[in-house]
Enquirer: 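Encoded as structure tokens, here's the structure I'll be asking about.
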2 protein chains.
Amino acid sequence: MKNLLAYIHSLTNFSAESWEILSPALTTITFEKDQYLLEAGKVCDALFFVSGGYCRAFYDKDGQEINTDFFFENDIATNINSFAKAEKSEFSIQACEDVTVVRFDKKKLREAAEHDPEIDGLGRKCLQQIAAKQEKHAAMYKLMTAQERYEYLEKYAPEVLQRVSLTQIASYLGVARETLSRIRSRRL
Amino acid sequence: MKNLLAYIHSLTNFSAESWEILSPALTTITFEKDQYLLEAGKVCDALFFVSGGYCRAFYDKDGQEINTDFFFENDIATNINSFAKAEKSEFSIQACEDVTVVRFDKKKLREAAEHDPEIDGLGRKCLQQIAAKQEKHAAMYKLMTAQERYEYLEKYAPEVLQRVSLTQIASYLGVARETLSRIRSRRL
DNA sequence: ATTGTTTTGTGACGATTGTCACAGGTTAAA
DNA sequence: TTTAACCTGTGACAATCGTCACAAAACAAT
């Protein structure tokens with residue numbers, strides 16, 4: 001909860017009263033490794049602030065799992081489209097370790113936002129953050145080769161390389177496991 | 001302006017009074033072919049609702065231009081990160097034909113949003129739309145081969161294939177011009 | 001019509017990557 | 001400690017794609 005408060009304050013001004021109003025929308029939950037925070041085909045009705053452990057977002061493409069995102073401590077994990085439009089999610093979010101999250105219930109969050117403009121502003125900031133993250137990631141794909149993407153991770157997201165297995169990273173970078181293995185050995 | 005109203009109503013409830021309050025933030029502008037709506041390195045201080053013609057967003061990577069988006073009639077063209085965070089834009093937006101847009105001035109828009117929750121809600125909806133578009137496009141890159149991406153455009157964005165030159169589309173799809181030419185000839 | 005400019009198609013070739021197969025390592029549970 | 005399951009590294013080979021070069025086609029302007 002302390003991390004969550006720090007995260008919120010890093011985004012926007014947030015009073016003690018706002019926190020009181022927001023609190024009922026929050027629950028701390030733990031997921032065991034391999035459990036799903038969100039399953040493809042279901043509607044996303046919550047945001048998850050990750051306070052311990054990490055998870056991954058992945059699409060199932062013809063039986064093959066393709067990672068599109070990792071969420072570590074102090075990240076917000078969700079499907080923002082599914083959340084905002086109440087459409088079925090096209091991807092799943094799964095715990096890669098035992099994970100602790102603070103869950104923001106959609107309905108209660110909306111009620112809280114209606115009563116408090118600070119909470120409304122926070123919601124908007126979160127949306128922006130998520131949009132920004134998506135744009136960065138999309139640009140990484142469009143502008144870089146596999147090797148450059150790997151170097152980008154080394155530079156800007158080293159925790160991914162430290163904590164995530166090669167196989168999972170390869171899927172995230174869009175290359176075969178073997179190719180990533182060779183990229184690594186080339187760079188020693 | 002009529003198209004803009006229809007667009008707004010498709011997103012959210014919007015009263016005549018809100019429109020009155022919003023109007024001072026709007027200007028209709030035309031850009032000639034090749035003119036810039038936004039230049040890389042500058043801060044984006046406006047949204048552009050495209051009412052005629054189309055434009056492209058592109059990154060400059062070591063002198064090579066890489067297209068990342070096209071904006072047609074009834075699209076909102078902007079750099080949402082640069083707009084929201086007042087950071088320098090990493091890409092440019094350029095008119096590909098003579099283009100007519102309705103410009104939303106950032107400062108005036110914010111003032112209008114402070115006076116009217118409907119305008120505030122509209123802003124949020126726009127943000128969501130843009131985030132959704134980005135996510136779709138990112139997924140296209142991560143999940144599909146070049147050929148599948150081309151077929152995706154055929155299915156979901158045929159106006160791109162009709163109106164944009166092969167060279168520009170190739171850059172957008174992330175393949176060499178020649179490769180796209182071969183994808184096309186394979187599919188006849 | 002003619003010229004010049006831009007765009008598109010195509011062949012050849014080399015580089016990169018994916019696929020398949022298998023070996024070596026690591027980890028976790030019994 | 002042993003086993004089993006999983007992850008990683010590596011070689012061989014085929015398929016794909018990018019690059020270079022140039023021809024054909026489309027388009028614009030005079």
Side-chain angles (χ1 to χ4, degrees), chain A residues 32-35 53-56 58-67 70 94-98 140-154 158-188, chain B residues 32-35 53-54 56 58-68 70 94-98 140-154 158-188:
Chain A
E32 286 174 31
K33 183 172 188 230
D34 295 341
Q35 280 192 311
Y54 78 95
C55 18
R56 66 179 180 125
F58 68 94
Y59 286 79
D60 184 300
K61 196 202 176 187
D62 313 321
Q64 195 191 8
E65 294 182 355
I66 300 182
N67 295 328
F70 297 106
Q94 186 185 33
C96 297
E97 310 171 338
D98 290 358
M140 182 170 99
Y141 261 81
K142 286 178 246 179
L143 299 176
M144 303 180 194
T145 64
Q147 173 142 357
E148 286 170 331
R149 291 200 285 273
Y150 183 79
E151 288 161 6
Y152 184 88
L153 286 191
E154 280 184 318
E159 78 274 16
V160 173
L161 302 185
Q162 285 156 17
R163 294 175 65 179
V164 182
S165 77
L166 179 140
T167 306
Q168 300 290 329
I169 297 171
S171 162
Y172 178 74
L173 292 178
V175 296
R177 187 180 59 75
E178 294 89 338
T179 302
L180 181 54
S181 178
R182 285 174 186 124
I183 288 174
R184 276 195 175 165
S185 60
R186 248 184 276 162
R187 292 175 50 69
L188 293 180
Chain B
E32 287 174 30
K33 182 170 189 236
D34 295 341
Q35 279 191 312
Y54 79 95
R56 69 180 179 123
F58 67 94
Y59 285 79
D60 184 301
K61 195 201 177 190
D62 314 321
Q64 196 192 6
E65 295 182 354
I66 299 182
N67 295 328
T68 55
F70 297 105
Q94 185 185 35
C96 297
E97 311 171 338
D98 288 0
M140 183 169 100
Y141 261 81
K142 284 179 247 182
L143 300 176
M144 303 179 194
T145 64
Q147 173 143 357
E148 287 169 330
R149 290 201 285 274
Y150 183 80
E151 288 161 7
Y152 184 88
L153 285 190
E154 279 185 320
E159 79 273 18
V160 173
L161 302 184
Q162 286 157 15
R163 293 176 64 179
V164 182
S165 78
L166 178 140
T167 306
Q168 300 288 328
I169 296 171
S171 161
Y172 178 74
L173 291 178
V175 295
R177 187 179 59 75
E178 295 90 336
T179 302
L180 180 54
S181 177
R182 285 175 186 124
I183 287 174
R184 275 197 175 164
S185 59
R186 250 184 276 161
R187 293 176 50 69
L188 294 182

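We name chains A, B, ... by the order of the sequence lines, and we start the count at 1 in each one. What's counted below: heavy atoms across the whole structure, side chains too, no hydrogens, waters or symmetry copies.
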Enquirer: For a quick check under 3.5 Å, do B:Arg184 and B:Tyr150 share a side-chain donor-acceptor pair by atom type?
Expert: yes
Enquirer: Do NZ/NE/NH1/NH2 and the carboxylate oxygens of A:Arg56 and A:Glu97 come within less than 4.0 Å?
Expert: no
Enquirer: Between D:dT8, C:dG18, D:dG9, spot the one nearest the side chain of A:Ser181, thanks.
Expert: D:dG9
Enquirer: Answer whether the closest heavy-atom distance between the side chains of B:Pro158 and B:Leu153 falls below 4.5 Å.
Expert: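 Of all side-chain heavy-atom pairs linking B:Leu153 with B:Pro158, none is under 4.5 Å.
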Enquirer: Students often get this wrong, so: under 4.0 angstrom with heavy atoms, is A:Thr167 touching a base, only sugar-phosphate, or nothing?
Expert: sugar-phosphate
Enquirer: Rounded to the nearest Å, what distance is computed from the OH atom of residue A:Tyr150 to the P atom of nucleotide C:dT16?
Expert: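 So the two atoms are 18 Å apart, to the nearest Å.
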Enquirer: Kindly check if the number of other-residue, nucleotide or ligand heavy atoms within 6.0 Å of NZ (B:Lys61) is above 12?
Expert: yes
Enquirer: Angle, rounded to 10°, between the helical axes spanning five pairs at each terminus of the helix from C:dA1-D:dT30 to C:dA30-D:dT1?
Expert: 50°
Enquirer: Is the A:Phe70 ring parallel, tilted or perpendicular to the A:Tyr54 ring (thresholds 30°, 60°)?
Expert: perpendicular
Enquirer: With a 4.5 Å limit on heavy-atom distance, are the side chains of A:Gln94 and A:Asn67 in contact?
Expert: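 Of all side-chain heavy-atom pairs linking A:Asn67 with A:Gln94, none is under 4.5 Å.
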Enquirer: Testing A:Leu180, A:Thr145, A:Ile169 one by one against A:Val175 for a side-chain contact (heavy atoms from CB on, under 4.5 Å), which residue passes?
Expert: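 With A:Val175 as partner, side-chain contact (heavy atoms from CB on, under 4.5 Å) holds for just one option, A:Leu180.
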Enquirer: With heavy-atom distances below 4.5 Å as the criterion, would you say the side chains of B:Tyr59 and B:Glu65 are in contact?
Expert: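 A side-chain contact under 4.5 Å is absent here.
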Enquirer: Just to be sure I understand the geometry, which residues of residues 171-179 of chain B put a non-hydrogen atom under 4.0 Å away from DNA chain D?
Expert: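 Those residues are B:Gly174, B:Val175, B:Ala176, B:Glu178, B:Thr179.
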